[in-house]
Structure formats: C-alpha cells, structure tokens
Amino acid sequence: MNMIKGIKGVKDILPEETSRWRLIEETARRWADLYGFREIRVPIFEVTELFARSIGTSTDIVEKEMYTFQDRDGTSLTLRPEGTAGTVRAYIEHHRAADPTPQKFFYSGPMFRHERPQAGRLRQFHQFGVESFGMADPRADVEVIALLWRILSDLKLPSLTLEINNLGSTEDRAAYRPRLTEFLRTVAGALCANCRRRLDTNPLRVLDCKVPGCRAETEPAPRLADSLSDPARTHFADVLSGLDSIGIPYRLNHRLVRGLDYYCLTTFEVTSAALGAQNAVGAGGRYDGLVEALGGPPTPAVGFAMGLERIALMLPQTAYPSSSRSPVVYVAGFGVSGAPAGFSALEELRLAGIPAVADFRATSLKSHLRQADRLAVGFTLIIGDDEVDKGVGILRDMNTKNQYGVSLTSLCGDVSSHIRGS
RNA sequence: GUGGAUGUAGCUCAGUUGGUCAGAGCGCCGGAUUGUGGAUCCGGAGGUCGCGGGUUCGACACCCGUCAUCCACCCCA
C-alpha cells in the first residue's frame with residue numbers, strides 16, 4: 001500500500017509548534033483590537049475573476065501561481081492567493097461604505113500560491129492582514145504601518161527594517177513609465193535576461209532587481225520621486241512626519257515596488273536579516289483605486305499583510321512560555337477496582353474544572369508515574385485497589401514528592417485545595 | 001519553470017577503494033526496584049539502506065532513471 005503523503009509545500013503544524021502560532025496570532029489580534037480593527041472572515045475561495053481583476057492579470061500570481069479549478073457548473077474558482085481581494089469584495093457586497101463608522105478590518109488564515117517551496121515560502125501559507133477603508137488621510141497610512149510595526153516589535157523579532165516608498169498616483173506612474181523605459185533601453189544590454197523581459201512587461205520591477213549588475217546600471221535611472229504630482233508628494237511627506245511623530249523608524253527605498261498592481265502612493269515592507277532569501281515579514285500599501293475597480297464606490301484604502309510562517313521561523317525561543325509543570329492532575333488508576341475508580345475520578349475532576357489526564361495504556365503504578373512525569377503534570381492522583389478499599393486516594397505533588405490523602409467522596413474539593421496551596 | 005545539495009531505525013547521523021557494515025547515540029518497552037516518576041546498570045523491540053532498473057561472483061556504496069525533501073534563482077508574505 002502506498003503511503004499517502006501531504007501535498008508538496010503544504011505543512012502540518014504539530015502540537016509542539018501550535019503554542020508559538022497562538023502567541024503570534026493572539027499578539028496580532030490584540031494589537032489590531034487596540035487600533036480599532038475588527039475581525040472579518042471571508043471565504044478561502046472566490047470566483048477567479050475577482051483575483052484576476054484586483055491583483056492584475058500580468059502579475060506572476062495571476063499568470064502562474066493560482067490554484068484554479070472548475071465548479072460543477074463550469075464557473076472558474078480559485079483558492080485565494082492573498083486576502084485583500086476577498087475583503088474588498090465583501091466590503092462592496094455588504095455596502096459597508098454606507099456604514100458611518102470606520103471600516104477597518106483584520107483577517108487571518110491560509111493563502112494558496114503554486115510556487116516552488118523554499119525557506120519561508122510554502123504553497124499553503126498563512127497571513128494576518130488588515131484593510132482600512134474610506135480614509136484618504138495620510139494618518140490612515142501611518143496607523144496601518146504603526147500597527148504592523150507594533151505587532152512585530154511586540155513579538156521581539158530580530159533585525160527588522162521598515163522600508164517605505166512613494167509610488168505616486170496612477171497618473172504619476174503613467175507619466176513616469178515612458179521616461180523610465182526610455183532610460184532602460186539605453187542600458188538594456190547590461191541588464192540580466194529577466195530585466196530585459198521586464199522592460200516591456202513591468203519596467204518598475206527592474207528597479208527592484210537584486211542582481212548587482214542591474215542595480216549598478218539602474219542607479220542613474222530617472223526617479224519616480226521626481227515625476228510625482230504635488231498632492232502625492234504632500235501625502236507622502238505627511239506620512240513620514242506622522243511616522244516620526246509616533247516614533248516609528250523607517251528607511252526610504254526608492255526602489256521598493258510591490259508586486260501587486262493595485263498599490264499606489266504609500267508602499268512599505270518590513271524585512272528581517274534573520275530570514276533567508278524570502279526576507280519580507282510584512283508588507284502593504286495604499287490602494288485607492290481598487291474598490292472602484294471592483295465595482296464599488298470610489299474608496300480610498302490602505303492595508304498590509306504579514307506572513308505567519310516567516311514570523312514563526314524567527315520567533316525567539318524566549319518569546320513563549322517554557323514547559324514548567326502545569327497545574328494538571330494525572331490520574332493513576334490501576335488494579336481491578338482501582339482502574340475503574342480512577343476513570344470515574346478523572347471525569348469528576350474535569351467536570352469540576354480541574355484539568356486532568358490519564359494514560360490508559362499504563363497498568364502499573366510505575367508506568368503511570370513515568371507517564372505523569374513525561375506529561376509534566378503538577379500532581380498525580382493515585383488510586384489502586386487498596387485506596388478503593390479505604391475510600392481514600394493519594395495525591396502526590398510531583399515537585400516535592402509530598403503525598404496527601406484525599407477522600408474519594410469529596411475528591412474535587414480536597415484536590416483543588418491542595419493544588420491551590422502548592 | 002531553472003539550478004544545486006540530500007535521502008540508512010521514531011529522531012540525529014556513522015558506514016573507509018564495492019567483500020559479516022545492517023550500526024551508534026537519543027527515544028521507546030521491560031527488568032534490577034512483587035504499589036511510587038526523573039539518575040544508573042542490564043536486556044529487548046524496531047530498518048523493503050527513498051523507489052525502479054543496470055554493472056558485478058557480490059551493491060547501502062558504482063552507473064542510469066525516477067520520486068521526495070531542503071536550499072537558491074524567479075517571485076513574494
């Protein structure tokens with residue numbers, strides 16, 4: 001029989017790892033809460049066209065990375081490759097624009113992209129993200145960036161850098177693009193093969209190329225910053241001064257270009273030197289045109305997404321609680337009358353709100369105590385045949401080795417008073 | 001999609017130019033301790049050497065193919 005294995009690039013998160021995942025998710029939720037974002041849960045699959053229209057048809061994600069399949073009626077559906085599209089769709093569909101309160105959402109969950117797996121890159125991965133709708137004010141950008149920074153800082157992730165850039169308005173970029181393309185043609189011979197191809201498809205990305213030769217050649221390229229309209233400049237200046245005013249450190253990076261088509265004005269990315277090649281921990285930006293492009297009212301918006309497994313990868317060991325003995329009672333019931341009495345006691349403790357465990361494989365007291373030790377419980381309740389005869393169990397403190405008699409008829413009260421006393 | 005590295009016990013890994021090389025440590029189960037955990041000692045279970053071909057008297061080792069994993073390119077969170 002063939003072993004059925006997990007899908008390439010899709011990982012199990014085992015119990016040993018879930019505590020660090022909880023820490024990450026709970027930290028993110030707590031801060032999002034503090035900043036007035038409310039949780040939204042949108043489907044993990046949508047009509048394919050939603051992603052094609054929002055992310056951009058010429059992006060790698062849409063061109064070759066989507067998990068797309070046909071529904072029974074022939075409709076093309078896609079497993080979400082990111083969270084913004086679905087959130088925007090829900091925002092429009094439920095007429096949230098008509099709600100007078102701020103429409104600020106956060107989400108958390110799996111995303112799917114058919115890429116070659118490597119360190120920090122999986123086919124099913126998890127993102128936590130936020131979207132802030134309706135506010136064109138630069139303080140909305142700052143608020144979102146601050147939230148991202150606060151979450152990552154709270155998690156004490158090492159060597160973080162926040163990079164930020166101004167992409168200008170859609171019109172600014174349209175005006176800049178031919179100027180850049182014109183320049184790039186003059187140095188095309190010295191660029192890498194990928195960049196020569198990108199010259200036509202997405203010239204802005206050439207600026208973001210990591211090949212040293214390309215970087216050197218494009219150094220004298222005309223800068224987008226020089227083609228920006230006054231409103232775009234002012235907006236960006238206000239974002240930067242906003243970050244300054246609340247103490248968020250950043251670095252300007254005029255080469256920073258996000259991969260998704262919908263970004264405009266502010267774009268940002270937090271990277272860590274502690275990761276491998278895939279070093280982006282979180283990223284986002286403003287996407288003022290997207291809601292309208294998807295059939296909603298003109299709506300300014302900003303958001304970010306962060307990669308949960310990348311954070312899990314770099315979360316310091318000290319960040320989550322070490323395994324000290326927990327206030328759990330292991331019930332060691334053994335012998336012809338002790339085993340059933342132990343099983344009843346186990347349930348009794350649980351109903352009284354006392355965490356209790358047992359290993360039904362163990363038959364001797366020795367093997368029970370070994371399991372209790374492995375499970376790192378604080379106490380073991382020993383119930384053998386002798387105890388049943390006397391109507392008294394033995395509660396053993398696993399740290400001090402002290403043992404106390406507890407009445408089997410008033411078990412929970414006796415046990416909990418000893419637990420509290422320790 | 002492209003490249004490189006690696007696949008031997010549950011885990012981490014040895015295995016010398018092909019000739020008792022099917023091994024160690026940890027873990028697991030049991031015993032020493034007939035009802036008291038962690039330490040020590042002793043014993044035991046556990047492997048189609050990723051898979052399929054080929055070369056050879058003989059392959060865990062060499063060759064070819066294949067699959068998987070990891071890392072990098074690309075791209076991105």
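Below, each value reflects all heavy atoms present in this structure, side chains not excepted, and no hydrogens, waters or symmetry copies. Chain naming here is simple, since letters A, B, ... match the order of the sequence lines and numbering starts at 1 in each.
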Trace of the side chain to side chain donor-acceptor pair (under 3.5 Å) decision for A/Arg179 with A/Ser227:
CA-CA 9 Å; A/Arg179 294 184 51 214; A/Ser227 327; 2.8 Å; yes
Expressed as a whole number of Å, how far does the C1' atom of B/rG10 sit from that of B/rG27?
7 Å
Looking at side-chain heavy atoms only, is the closest gap between A/Asp141 and A/Glu143 below 4.5 Å?
no
Provide the Watson-Crick or G-U wobble partner of B/rA39, both distances under 3.5 Å; none if there is no partner.
none
Candidate nucleotides B/rC70, B/rC73, B/rG37, ranked by approach to the side chain of A/Pro117 - the nearest:
B/rC70
Under a 3.5 Å limit for both distances, which nucleotide forms a Watson-Crick or G-U wobble pair with B/rU48, could you say?
none
Atom NZ of A/Lys5 and atom P of B/rC67: how far apart are they, to the nearest Å?
13 Å
Looking only at atom C1', what distance separates B/rC62 and B/rG44, rounded to whole Å?
37 Å
Assert: residue with more 5' nearest nucleotide on RNA chain B, out of A/Ile394 and A/Arg116, is A/Arg116
A/Lys366 side chain near B/rA32 phosphate (N/O to OP1/OP2, under 4.0 Å)
no
Which nucleotide, in any strand shown, forms a Watson-Crick or G-U wobble pair with B/rA5, with both distances under 3.5 Å?
B/rU69
What is the distance, to the nearest angstrom, from the CD atom on A/Gln371 to the P atom on B/rC29?
6 Å
Which whole-number value in Å describes the distance from A/Leu157 CG to B/rA77 P?
17 Å
Indicate the ring-plane relationship of A/Phe360 and A/Phe343, choosing parallel, tilted or perpendicular according to the 30° and 60° boundaries.
perpendicular
Using side chain to side chain contact (heavy atoms under 4.5 Å, CB included) as the criterion, point out the one residue from A/Leu395, A/Val406, A/Leu408 that pairs with A/Asp414.
A/Val406
Euclidean distance, atom CZ of residue A/Arg121 to atom P of B/rA72 [Å, nearest integer]
9 Å
Closest-nucleotide 5' rank along RNA chain B - winner of A/Ile382 and A/Arg310
A/Ile382
Closest heavy-atom pair, A/Phe106 versus A/Arg29, reported as atoms and distance to 0.1 Å, is CE1-CG, 3.8 Å
Base B/rC74 to side chain A/Gln118, donor-acceptor N/O within 3.5 Å cut-off:
yes
Among B/rG35, B/rU36, B/rA77, the nucleotide that comes nearest once only the side chain of A/Asp386 is considered:
B/rG35
Heavy-atom distance under 4.5 Å between the side chains of A/Tyr91 and A/Ile40, does that happen here?
no
Would you classify A/Gly276 as touching base, sugar-phosphate or nothing, given that sugar-phosphate means primed atoms plus P, OP1 and OP2, and contacts are heavy atoms under 4.0 Å?
sugar-phosphate
Tell me whether the side-chain N or O atoms of A/Arg370 pair up with the base of B/rC28 as donor and acceptor below 3.5 Å, since no angle test is needed here.
no
Check: B/rG1 base within 3.5 Å donor-acceptor of A/Glu65 side chain:
no
Using the ring centroid of each side chain, check whether A/Tyr67 and A/Phe45 are separated by less than 6.0 Å.
no
Rounded to whole Å, how long is the line connecting atom CZ of A/Arg123 with atom P of B/rA77?
18 Å
Options B/rC71, B/rA77, B/rG37, nucleotide nearest the side-chain atoms of A/Ala119:
B/rC71
Whole-Å C1' distance, B/rG1 and B/rC60
34 Å
Using Watson-Crick or G-U wobble geometry with both distances under 3.5 Å, which nucleotide pairs with B/rC21?
none
Both distances under 3.5 Å, Watson-Crick or G-U wobble: report the partner of B/rC26, or none.
B/rG10
Using only heavy-atom distances, decide whether a donor-acceptor pair under 3.5 angstrom links the side-chain of A/Lys401 to the base of B/rG38.
yes
Rounded distance (Å) that lies between atom P of B/rC76 and atom CE of A/Met306:
20 Å
Could you measure between the two P atoms, the one in B/rU2 and the one in B/rC74, and give it in whole Å?
16 Å
When you get a sec, tell me which of B/rG37, B/rG35, B/rC73 is the closest nucleotide to the side chain of A/Gln278?
B/rC73
If I take atom CD in residue A/Glu63 and atom C1' in nucleotide B/rG1, what distance separates them, rounded to the nearest angstrom?
13 Å
Whole-angstrom distance between B/rA39 and B/rA45, as gauged at atom C1'
23 Å
Measure the acute angle between the ring planes of A/His418 and A/Tyr404, then classify it against the limits of 30° and 60° as parallel, tilted or perpendicular.
parallel
For the C1' atoms, the ones on B/rC57 and on B/rA24, what distance do you get once it is rounded to whole angstrom?
31 Å
Could you tell me whether the side chain of A/Arg396 has a donor or acceptor atom within less than 3.5 Å of a complementary atom in the base of B/rG37?
yes
How far does the P atom of B/rG47 sit from the matching atom of B/rU66, given to the nearest Å?
30 Å
Gap in Å between the two P atoms, one belonging to B/rC51 and one to B/rC67, rounded
15 Å
Scanning all shown strands, the Watson-Crick or wobble mate of B/rC62 with both distances under 3.5 Å is B/rG54
Can you measure A/His368 atom NE2 to B/rG38 atom P for me and round it to whole angstrom units?
15 Å
How is A/Leu148 classified with respect to the nucleic acid when contacts are heavy atoms under 4.0 Å: base, sugar-phosphate, or nothing?
nothing
Tell me whether the ring of A/Phe334 lies stacked over the B/rG35 base, given a 5.5 Å limit on centroids and a 30° limit on the plane angle.
no
